[in-house]
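Only one structure is covered here, and it is reproduced in the block below.
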Amino acid sequence: MTDPVLQVSDLRVTHPGPVTALDGLSFELAPGQVLGLVGESGSGKSAAALALLGLHRRTPTTVDGTILLHRPDRPVLDLNAASDAELRTVRGPELAMVFQEPLTSLDPYRRIGTQIATAYRLHTGASRAEAKQRTAEALDRVGIDPERARDYPHQFSGGMRQRVLLAMALVLRPRVLVADEPTTALDVTVQAQILRLLDGLREETGMALVLVSHDVGVVGGLADEVVVLREGRTVERGATARLLGDPEHPYTRALLDAVPRLDAPLPERAAPADGDALVSVERLRVDFGSVQALRGVDLTVRRGETLGIVGESGSGKSTLGRTLVRLQDATSGTVRFEGEDLASWRGRELRRRRHELQMVFQDPTSSLNPRRLIGDSVAEPLRVRGGHDEAAVRAEAVGLLERVGLGAAHADRYPHQLSGGQRQRAAIARALILRPKLIVCDEPVSALDVTTQAQVVALLRELREEFDLTLVFIAHDLAVVRSVSDRVAVMRQGEVVETLAAADLTRPRQDYTRALLEAVPRLEAVAGR
Amino acid sequence: MTRFLLRRLFGAAAVLVALAALTYLLFYAMPGDPALLACGKGCSADQLAQVRHALGTDRPLVQQFWTFLTTLVLGHGYSTGPSTIWCSAPCLGYSYQSNEPVTQMLLERLPVDVSLALGSAALWLLIGVGTGLFAALRPGRRRDRITNAVVLTLGSTPVFIMALLLLMGACVWLQVLPFPNYVPLTEDPAQWAQNLLLPWLAIALVTAAGYTRLTRAGVLETLNQDHIRTLRAYGYPERRVVLRHAVRGALPTVVTVAAMDIGMVLAGAVFTETMFGLPGLGKLAVEAASTVDLPVVCGITLLAGALIVVANTVADLLHAALDPRVRI
Amino acid sequence: GSGAGSSAGGSSDAFSAATCQGGTLRVLDSAKNSKGFDPAVLYTSGGGAIPRLLFRTLTTRQSVPGTDGTKVVPDLATDTGKPSENATVWTYHLKPNLRFADGTPITSADIKYGVERSFSPQLAGGPPYLRDWLVGGADYQGPYGSGNTDLASVATPDASTVVFHLRKSEGDFPYLAAETQFAPVPKAKDTGKEYNADPVSSGPYTIAGFTKGRELDLVRNPHWSRSSDQQRLACPDRIEVSLGLSPAVINQRLSSSVGQDANAITTDTSLDAPTLAKVSADPALKKRVVTGKFPQIYYLAFDLKKAPFDNQLVREALSYAVDRTALVNAEGGTQLAVPSTTFTPESLTAAHQDYDYFPAGATGNPEKAKQLLAQAGHPNGITVPLAYDTDDTSTGAPAATALAQAFAKAGITLQLQPLGDADFSGTVNTPATQPALSLTSWGADWPSGGPFLTPIFDGRQIVTGGGNFNLAQYNDPAVNAQIDKINQITDYATAQKQWAALDAQLGKLALTVPLYEEATSVLYGSHVKNAYLDQWRGWYDIASVSVK
Amino acid sequence: MTLTETHAPAESAASPAGRERPAGGGPAGVLARLWALRGGRTALVTVAVLVLVALTAPWLAGLEGQDPNTFHDTLLNSATGGSPDGAFGGVSAQHWLGVEPTTGRDLFARLVYGARVSLGVAVGATIGQLLLGLLVGLTAGLGSRWADALLSRVTDLALALPTFFFSIALLAVVPQSFPRPLLLGLILSGLGWAPIARIVRAETRVLREREYVQAAVLTGAGNWRIARREILPGLVAPVATYTAIVLPQNIVAEAGLSFLGLGVRPPTSSWGQMLSTATTWFQVDPAYVLVPALTLLVCVLAFAGLGEALRVAFDPKASVPVRQRRARREAARPVPSTKDQAR
Ligand SMILES: Nc1ncnc2c1ncn2[C@@H]1O[C@H](COP(=O)(O)OP(=O)(O)OP(=O)(O)O)[C@@H](O)[C@H]1O
Ligand SMILES: Nc1ncnc2c1ncn2[C@@H]1O[C@H](COP(=O)(O)OP(=O)(O)OP(=O)(O)O)[C@@H](O)[C@H]1O
Ligand SMILES: [Mg+2]
Ligand SMILES: [Mg+2]
């Protein structure tokens with residue numbers, strides 16, 4: 001191994017509280033090398049990334065340990081002990097960072113060209129013209145038309161903004177780039193492009209990369225070495241291939257097992273392939289002003305089946321789901337439920353029959369009233385319907401909570417006293433309490449960690465049998481969808497591109513579906529490396 | 001943009017007509033007869049009827065209102081006795097009490113309120129934004145808390161108490177300033193500023209508080225945003241981060257609110273004008289209301305409403321100009 | 001007595017009418033003059049303060065301190081008018097060589113036109129007497145309309161003679177002829193409603209600049225000369241009037257009297273109670289205060305048509321119960337108000353006769369009041385409404401509450417009924433809506449018992465449509481006849497004696513409760529000379545004031 | 001994997017979502033947090049004292065042995081404008097704060113009785129504003145597109161009204177026999193509900209998109225139940241905070257109108273009425289001015305401080321997810337601070 005650029009030893013980050021976010025992280029990084037930091041939400045990944053650039057300064061958070069930066073022809077600098085002024089000269093030209101939220105990480109009030117050029121001039125003192133020239137080059141390199149330097153951030157998509165941030169880093173040619181979940185907020189296809197770009201830049205400039213992600217697949221594809229974090233502590237550290245192929249620690253193994261795989265065997269299930277149509281959608285269009293969210297969707301949901309819906313962000317998945325449960329009115333076209341046109345339900349009739357159609361939402365935080373006890377939230381639908389005495393309602397709610405893996409104790413808690421997974425379970429219980437015929441699950445597991453995600457998916461699978469449910473399962477993760485669905489509809493720009501049996505998902509007919517599939521990072525490929 | 005302005009214009013026209021109707025109705029219901037006031041002491045019943053006819057107050061309300069509207073759009077001829085003079089659009093009619101075209105009366109008063117609004121706005125922005133920044137630089141520290149307390153106190157002071165204290169302090173106890181007596185800018189700029197200093201201060205001191213809070217909150221909020229972290233990660237000096245970028249984030253709100261506030265002061269600052277004896281729209285409004293001078297009252301209400309609507313539109317335009325994300 | 005002449009001595013010793021000319025006088029006024037200066041619309045007493053600088057009238061008040069200030073003297077006319085036998089025809093001759101500010105000669109036609117236009121509905125607002133007195137005045141609509149544009153009862157046999165034909169005897173006509181309605185208006189320059197901004201001057205000054213509600217600049221009228229005008233000294237070369245100032249500012253500026261304010265006076269702002277309190281403590285300031293009185297009585301008006309005031313005993317009870325000390329204090333103390341038990345106040349010297357039929361003492365006699373009420377069949381007291389004008393700074397809330405306080409002690413509960421200015425005149429002066437009891441005031445348009453008593457007690461003056469001042473609705477044919485008889489007297493002193501006797505006679509009936517008369521205390525700038533309050537109006541005569 | 005194995009490593013309560021702590025725990029919790037803030041405690045105590053003074057006014061005046069309407073001519077010097085004899089406006093054992101010039105009425109008694117009017121009107125007006133604002137805002141926020149459009153225009157109109165000027169006119173219009181404090185309250189609420197309606201509407205629109213509200217819709221609950229059970233509790237924080245902001249504004253508004261002589265009728269006292277007669281006496285009898293002015297100031301300040309503290313106690317940083325641009329624009333456009341105070 002060549003001389004390291006960055007030597008981190010025993011890094012600790014303590015938030016006031018005190019909350020130990022990071023508890024002793026050590027690693028070395030050589031030029032051109034990629035270090036992957038993985039771990040579930042809250043494991044301290046961001047804490048570590050921010051600490052590397054000294055970004056915890058001016059906050060109540062304390063950082064201990066040493067971060068040695070090796071520079072050619074200059075003394076080694078301990079970033080944690082350096083003065084603010086020293087640190088400032090290092091930030092940018094030596095160490096740069098790309099953030100998780102590309103949408104908010106650029107100054108909304110300044111043109112992107114100006115933002116890149118200013119960063120450049122700040123450290124090089126270059127002339128305006130030169131800075132402009134360099135900016136254009138950098139933008140070109142990351143695949144953005146230099147003409148667009150005059151645009152504002154909001155005129156770019158998330159992926160493009162992440163490229164702009166990369167261009168900002170690139171223009172200063174840093175020796176180390178810290179990327180904190182650079183692709184989490186992006187669609188899979190865009191994610192693949194950004195990862196490719198990062199890898200290319202590393203090769204070209206020889207910069208070292210610290211890649212932070214919760215997605216083992218993402219890290220696995222790029223990293224030379226991987227550190228697995230859990231509650232701030234380093235669980236395991238090792239060369240990527242070894243660690244993924246043959247994890248030593250049980251937690252690492254559990255983590256890997258929970259990752260949904262496209263090539264995993266599908267569970268045996270008597271597919272109700274020939275069930276009659278519970279819901280049939282014809283030429284459904286939904287417009288929001290000038291935005292055409294759905295542009296003529298035809299779809300059938302058969303009784304008892306689970307229909308998966310996948311597609312990129314903005315493709316209209318949620319809109320379709322909301323229209324199915326009549327939270328959204330169709331602009332044109334029809335949605336038939338058991339042969340009846342949903343639009344014909346009005347007023348009292350609508351309210352009376354609502355319970356047959358339920359929905360589970362993506363964000364477990366906002367899907368439960370923060371001011372109501374969990375037990376009351378679950379019981380509320382029964383109270384709305386009336387006709388049950390209080391004891392029965394309570395018993396039913398607690399029973400269902402137990403069924404979804406929570407207990408009577410949880411009934412008397414507020415949502416913020418539960419974890420994300422637990423909240424999602426409560427939301428499922430609420431959806432079930434009215435014994436609906438159809439439940440639309442809109443990305444029910446997207447906000448959850450992989451391990452939790454696996455549990456909730458498993459729960460849904462069980463409940464489906466037990467309550468004789470028909471499910472519409474919306475997700476952007478192909479592997480997850482494949483694991484629960486009988487059939488999968490692929491959406492793009494408000495249209496259903498194709499509908500496939502889950503087993504056939506890996507053998508799509510449409511190019512778009514294929515592109516989606518190819519963009520998914522594959523763990524198995526790395527593990528075998 | 002054009003569409004936005006057109007839509008605004010249309011909306012504003014509707015709001016203003018509704019406003020005028022409301023005002024008309026309200027003052028029609030008011031006790032006291034403008035004719036009786038104009039007619040004076042010892043006015044006989046006959047004479048009163050004649051005066052009513054001359055003023056046009058003997059016609060039904062709807063007809064009067066309709067005349068008011070058509071006059072506004074088309075202009076109107078008024079008999080002065082020996083001759084008829086033409087009041088061209090936008091004509092707000094003729095004052096019952098002072099025998100003057102209302103438009104002219106308003107135009108005479110407006111400079112006072114413009115002077116008041118612009119001067120005090122400059123002051124309150126200076127004070128408000130200054131103290132807001134001062135407080136935001138060290139949130140939670142003593143100077144932040146002291147600024148907060150001072151600003152809360154000033155901001156809670158009713159303007160007439162503020163005016164009273166300023167008058168007594170500056171003119172009676174310290175005798176550093178003469179009692180204010182409005183002098184138009186065109187007449188003597190130095191006198192103009194000197195005489196308006198106290199009114200400006202009175203308005204600015206009670207208004208600045210809001211701006212301190214807006215600025216402080218805006219700067220702090222921006223400092224908490226992700227893009228500030230990006231700046232820090234690229235080695236921007238802290239001064240530059242705060243003064244250029246964080247302030248920039250607070251700017252749209254501050255400017256937007258300022259535009260609306262300026263509109264409000266333009267539309268008449270009753271207390272300040274009363275306390276400092278400034279011949280502005282607010283004072284005229286109170287006087288006109290007490291003498292049931294319907295054309296003047298309606299004219300001021302309309303002008304005030306129009307100014308507020310214009311200020312709101314300007315605020316929206318400024319907001320759009322200052323925040324590239326907002327499109328109109 | 002006002003002592004006006006003596007208190008002006010502070011600065012008048014160095015004053016000489018011969019050398020007083022020059023300088024700029026500043027006038028600080030709270031009035032806005034938003035109606036401008038139209039001689040037809042102005043409602044003045046004796047020609048007013050500023051209007052008298054612009055308009056000469058047939059007669060005018062005599063510009064001297066003291067009681068002689070209540071005398072009427074010729075102005076444009078050669079004498080105060082020649083009456084016919086029964087005082088129904090009044091003839092005036094104009095002095096020679098009179099000119100307007102634009103150089104055109106003043107003729108009797110201009111006088112006639114000035115009177116005529118005051119009848120136009122467009123120019124309403126002046127005093128009501130002309131309409132009542134002149135033959136055909138009741139139906140005349142002024143010169144603008146299409147119908148009868150000539151008022152025949154004003155005749156101009158030649159260019160310097162004007163004759164007025166009255167429908168009844170009016171010995172006081174010379175006093176009326178001092179009002180601005182008798183100022184000449186050149187028909188060619190008449191702009192009707194617009195005339196108020198720039199009237200053609202016949203007085204010593206003419207308008208150089210006028211912003212309504214803000215300021216008025218007067219400069220000398222080149223066609224006026226002292227030789228033709230004995231009543232106006234017109235000392236300053238220039239007079240700058242600031243309008244619409246707040247009273248506090250005026251008094252503050254006059255008391256500090258710095259810079260230009262040393263040359264300042266006010267024509268309408270009396271010292272208020274707090275400033276008086278301050279001034280009393282400062283001898284230097286005290287020297288620059290003059291006091292005077294405009295004959296005006298503040299009184300309680302009963303509606304005799306409404307119970308319980310149809311009963312004289314009840315009216316007497318209220319007269320006994322009143323606490324004049326509290327009222328005077330509420331007004332701001334003895335320098336701003338003087339208790340009065342007579343309807344015609346002491347300051348209207350010639351027409352005043354002292355009486356106190358229902359002595360209430362300084363602070364009221366509630367016991368006697370209770371006793372009278374019981375006698376009247378109200379042993380448990382009465383509850384009556386009291387209307388007052390909230391916008392009137394003197395008769396407003398302070399006086400009303402002070403009354404309520406005192407009456408409460410006598411078992412009389414006042415239900416205060418505050419009315420805004422516009423509302424008050426509309427409600428109280430219309431018999432149909434008039435409340436049983438109102439707090440109001442009455443001032444004489446000229447210093448004579450006639451205009452003081454007639455509108456209040458003459459039964460034929462009851463106007464049902466609005467603008468009624470006979471609030472008692474008192475109509476006694478005997479009294480009416482008596483009024484007519486006095487009106488025929490053209491000798492001032494004789495007539496006033498009779499008015500005084502009439503007042504004393506009416507006082508026995510307790511038709512009103514006289515409360516107090518108002519006094520004015522005014523400051524003037526330290527360079528101002530010959531500043532005195534004339535006895536006619538109780539205010540400065542700007543035409544006499546000098547700054548040199 | 002069995003269902004009982006739910007406590008997987010990452011499901012700790014410290015997950016990022018757990019950081020956002022809504023103002024749960026009910027009113028007691030808010031009160032406790034309020035109490036914990038130094039400013040909040042001071043403000044709360046001051047407000048409580050003032051309210052107590054207003055409630056016990058007759059008793060307090062009785063303690064002093066005075067009533068607010070009795071004249072004391074003997075304490076005045078009639079020759080000097082009716083100013084009170086003695087130091088500090090005639091302060092004595094009988095008259096704790098001295099007497100009023102020109103009438104000799106007891107200032108302390110008038111002050112404590114004035115508190116009833118000043119606070120009563122302000123509280124009444126605030127309640128009125130709240131009720132109207134909530135009604136309009138909720139109807140616009142939850143109602144159909146048409147109801148929303150109509151009510152929003154009405155709100156715009158109400159916001160464009162030169163409020164202060166209109167209240168002057170209204171005070172003149174309504175017959176004097178109508179009880180003044182009630183009228184003041186009605187006018188202030190009738191003209192001041194619009195900002196609340198706007199806030200409520202904007203918040204309702206945001207809350208309406210919240211997934212728990214959508215879930216409630218799916219249960220078949222009616223609009224009314226949703227408003228009551230799901231939306232209103234979410235409005236408590238912004239509305240309570242705004243209430244504490246408008247209350248002092250209403251105190252100032254009442255004082256302002258009374259100051260201009262349009263408020264309560266004599267002999268009733270309110271702080272604004274006291275100030276209006278007092279201003280000219282500043283040089284001669286400063287106590288006469290300072291007593292009502294300082295009381296008013298302290299009162300307004302206490303309420304303002306309470307509002308500030310409530311804002312903190314309710315944690316303003318609750319995330320506001322906005323979907324539609326319109327909602328965002330409205331949320332971004334603050335209510336002009338001018339509605340705070342007529343200048
Ligand atoms: N400002 C803070 N104050 C207190 N605790 C904090 C703060 N920020 C983060 N934490 C806690 O520190 C721990 C580590 O947080 P960190 O943001 O580093 O996690 P992460 O691994 O980046 O998670 P994610 O995948 O959700 O981004 C968590 O338990 C978190 O709750
Ligand atoms: N209420 C709304 N008003 C306006 N536009 C909307 C609204 N809801 C959705 N859209 C637009 O409709 C399109 C489809 O949105 P939808 O939420 O259905 O997509 P999605 O596939 O669920 O995306 P994601 O994966 O990001 O949740 C998008 O362009 C979105 O901006
Ligand atoms: Mg993170
Ligand atoms: Mg979605």
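Every chain is numbered from 1 and lettered A, B, ... according to where its sequence line falls, protein lines coming before strand lines.
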* Asked: Is the closest side-chain heavy-atom distance between A/Q328 and D/Q214 below 4.5 Å?
  -> no

* Asked: Which residues pass the side-chain contact (heavy atoms from CB on, under 4.5 Å) test with A/V291, sequence neighbours left out?
  -> A/F288

* Does atom CZ of A/R233 have more than 12 heavy-atom neighbours from other groups under 6.0 Å away? -> no

* **Sidechain-backbone polar pair: A/Q358 side chain, D/L218 backbone, donor-acceptor under 3.5 Å** => yes

* Of all heavy-atom pairs between A/P370 and D/Y212, which one has the smallest distance, and what is that distance? -> CD-CE2, 3.4 Å

* Could you pull out the closest heavy-atom pair between A/L327 and D/V217, with the gap in Å? => CD2-CG1, 3.8 Å

* Considering only heavy atoms, which portion of A/R352 lies under 4.5 Å from any heavy atom of chain D: side chain, backbone, both, or neither? -> neither

* Structure fact -> Tightest non-hydrogen contact, residues D/E211 and A/S366, listed as OE1-OG, 3.2 Å

* Asked: So which heavy atom on A/L434 is nearest to which on D/T219, and how close?
  -> CD1-CA, 4.1 Å

* pair D/E230-A/E380: side-chain heavy atoms closer than 4.5 Å -> yes

* Structure fact -> In terms of heavy-atom contacts, A/R372 and D/R229 come closest through NH2-O, 2.9 Å

* Closest non-hydrogen atom pair between D/A221 and A/R351, with its separation -> O-CD, 3.5 Å

* With a 4.5 angstrom heavy-atom cut-off, could you sort out which part of A/R348 is near chain D: side chain, backbone, both or neither? => neither

* Asked: Any chance CZ of A/R383 has more than 12 other-residue heavy atoms, nucleotides or ligands included, within less than 6.0 Å?
  -> yes

